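Shown next, in structure tokens, is the structure this report addresses.
Predicted, not measured: the structure shown is a model, and the values here were computed from it. Protein chains get the first letters and strands the later ones, always in sequence-line order, with residue 1 at the start of each.
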Number of protein chains: 2
Amino acid sequence: MNWSTIPSLAALRAFEAAARHQNLSAAARELNVTHAAIAQHVRALEQEFGESLLVREGRGVAPTDAGRQLAAGLAEGFGQIGEVVAELRQRGAERPVTISVTPGFAAGWLMPRIGAFWAAHPDVQISISPATTVIDLRRDGFDVAVRYGDGNWPGLSVELLTRADYTALAHPDLIAGRRVTCLDDLLDLPWLLDTQVMERRRTIEREGVDLDQVKVTMLNTNELALSAAVSGLGVTFQPRSLVERELKSGQLVALCALQEQGVGYHIVTVPGRTSAQLDTFLKWLRAQKPQSVSASE
Amino acid sequence: MNWSTIPSLAALRAFEAAARHQNLSAAARELNVTHAAIAQHVRALEQEFGESLLVREGRGVAPTDAGRQLAAGLAEGFGQIGEVVAELRQRGAERPVTISVTPGFAAGWLMPRIGAFWAAHPDVQISISPATTVIDLRRDGFDVAVRYGDGNWPGLSVELLTRADYTALAHPDLIAGRRVTCLDDLLDLPWLLDTQVMERRRTIEREGVDLDQVKVTMLNTNELALSAAVSGLGVTFQPRSLVERELKSGQLVALCALQEQGVGYHIVTVPGRTSAQLDTFLKWLRAQKPQSVSASE
DNA sequence: TTCAATATGTAAGTTAAGATTATAGATATG
DNA sequence: CATATCTATAATCTTAACTTACATATTGAA
């Protein structure tokens, strides 16, 4: 389509309203402008087409033949546009808040808390997608992600939710009678590591431990590692904020904290993308932050 | 339709083009703007809907699901609008130049000349509508009228075409041997007047003639009066500019001129309404003006 | 008939939407 | 791996669109 041959859309819209109401003032009210604005647009169109479109008729106006023809076509066109816009808004309102999280965060942090949210906001639909790969919030259409890292994701709006506080953990029976103050006290126990998260290995090695000198049991996923630790099969390393349930129930005990590198779990959103439902969820999420970020309960 | 819930039409158009081309720069070229303008519009829409519509994809962009849906609807809507605008333009281009004239002017002035115009501009369609009632140029959709009067028609663009030069006329045989210098020399001859044009009676009476003292023959139309005069049945009063043909051929001779009241035939157009065809016709019409308006050939 | 209410018409001035400019960073292609 | 071609975005500018203000026209009721 050659848009240069088409007059201003605002003028066409103004004319359509005027022709429909047969009344410039009514059209002006509909479009929230003054009657003068409508009159100007109509004049401009008539100039453009070299033909009268509206003629004054007593108190009001009446479309000419050409005007009637134009108005009918415009009504249909603008109607179509209005419809698809309304559909999109509808779709947006109905769409659940989509959240991307790691499986570990979902199981260890979000699931223990989300029940309270559901109870408080039964009207807000939530869709939680656990995924190990880093997704592109924009491309994949997620409203919010909780990401582990240092908070440096350019182009996104980032906010620390909770520090990771990587900690060595084990079943109480496994360490019965031991005094554990640092990793060196655990070198003779089996260490449970997953094959996927390299970050974890690096965190441990930063403590000065040579993993080759430890009896390491590799497990396919971190969930398995955690599960094995609960079963008393060895020592696991998890963000303390994700194992609060196990600590509270006594399934695991914290043995020693690993060095923090200023990393943690962050709320990541696309700047400018917002909705009522999303705002509700984000507000709740922020309320879940520990009082002081450095202190875990 | 509630327009306040619909984002800017310019933004929607920009987005539609971008989604269609999957390329902001191409969309910008289509709309004759810079790519930055397109990018801003798309950003504004995404903000408005709280949802991504386009995601960057290598060199170019790709619509998201929501974007695809929106773009499809917009394409249809804008297409409709483009179509009806094109139709109207087409109709305008094909529409003949419509001219409103009095029957007398048509027969006595326009018809003798219009052949030359047709020959010179075979591509310009002309529609001549003779009518005795004064039409509303705007309402009735005429491009141009030739009106008799003093040129005072507010809201219209007026230009003198030729003076009327009302003249008493008769067949040469009727006045054979007479010396006629003023109306008084004609009082014993039958005067041919039509029943319609009151203006003509007033023009005659301004000369100081009491029509009750003259043998007046009433005819239904001015054309009949003229025709009767050519047949030698009496004296007729016509604008000299409309009987040039009869004068030249000797069917009538001019007897004496009546007082001019500054009236004449005017070219009347609607300001701002123009087209190539209309311009061609108006140019030709102006070229038909007598060299000096006061002197008739 | 006159008055009040409600229209349209248009010139002049203001505002904000839309566009450009400029700069930076990404990604194909030869 | 340089070059051409994209997108992204902030800052600035331009002008289409709008408002204000006043004039004129129509309608209906006092």
Practice item. Rounded off to whole Å, could you give me the CD1-to-C1' distance for the Ile38(A) and dA17(D) pair? Key: 11 Å
Review point. Hey, does the side chain of Glu46(B) reach the backbone of Leu54(B) with a donor-acceptor pair shorter than 3.5 angstrom?
Key: yes
Exercise for review: Give the rounded distance in Å between these two atoms: CZ of Arg29(A) and P of dT19(D).
Suggested key: 14 Å
Exercise for review: Could you tell me whether the phosphate oxygens of dT7(D), OP1 or OP2, come under 4.0 Å of any side-chain nitrogen or oxygen in Ser25(B)?
Suggested key: yes
Practice item. Provide, to the nearest angstrom, the distance between the CG atom belonging to Leu45(A) and the C1' atom belonging to dA16(D). Key: 14 Å
Check your understanding: Per the atom types in the model, does the base of dT26(D) pair as donor or acceptor with the side chain of Glu57(A) at under 3.5 Å?
Key -> no
Review point. Glu48(A) CD to dA17(D) P: how many Å, rounded?
Key: 12 Å
Check your understanding: Is any side-chain N or O of Asn23(B) closer than 4.0 Å to OP1 or OP2 of dT7(D)?
Key -> yes
Check your understanding: When we call it a touch if two heavy atoms are under 4.0 Å apart, what does His41(A) touch: a base, just sugar-phosphate, or nothing?
Key -> sugar-phosphate
Check your understanding: Taking atom C1' of dG25(C) as reference, at what distance in whole Å does atom CZ of Arg56(B) sit?
Key -> 7 Å
Only distances under 3.5 Å count here; give the side-chain donor-acceptor pairs of residues 278-288 of chain B to other protein atoms, sequence neighbours excluded, each with its distance to 0.1 Å.
from	atom 1	to	atom 2	distance (Å)
Asp279(B)	OD1	Thr274(B)	OG1	3.0
Asp279(B)	OD2	Thr274(B)	OG1	3.3
Thr280(B)	OG1	Ala276(B)	O	2.9
Arg286(B)	NE	Glu159(B)	OE1	3.1
Arg286(B)	NE	Glu159(B)	OE2	2.7
Arg286(B)	NH2	Glu159(B)	OE1	3.4
Gln288(B)	NE2	Trp284(B)	O	3.2

Point to revise | Whether His35(A) stacks on the six-membered ring of dT8(C) base, 5.5 Å and 30° limits | key: yes
**Study point:** Any Ser8(B) side-chain N or O less than 4.0 Å from OP1/OP2 of dA17(C)
**Key:** no
Review point. Between dA16(D) atom P and Arg13(B) atom CZ, what is the distance in whole Å?
Key: 13 Å
Practice item. Check the distance between dA19(C)'s C1' and Arg43(B)'s CZ and give it to me in whole angstrom. Key: 13 Å
Review point. Closest nucleotide of DNA chain D for Gln40(B) versus for Leu24(B): which of these residues is on the 5' side?
Key: Leu24(B)
Review point. Contact class for Ala36(A) vs. all strands (heavy atom < 4.0 Å): base, sugar-phosphate, or nothing?
Key: base
Review point. What pairs with Tyr265(B) under ring pair (Phe, Tyr, Trp, His ring centres under 6.0 Å), at least two apart in sequence or on another chain?
Key: Phe105(B), Tyr148(B)
Exercise for review: Decide yes or no, distance alone: a donor-acceptor N/O pair under 3.5 angstrom between the base of dA7(C) and the side-chain of Arg59(A).
Suggested key: no
Practice item. Would you kindly give the CG-to-C1' distance between Leu54(B) and dT9(D), to the nearest whole Å? Key: 16 Å
Practice item. Quick one: closest heavy-atom pair of Arg91(B) and Ala66(A), and the distance? Key: NH2-N, 3.4 Å
Exercise for review: Considering non-hydrogen atoms only, spot the tightest contact between Asp143(B) and Thr269(B) and give its length.
Suggested key: O-CG2, 3.8 Å
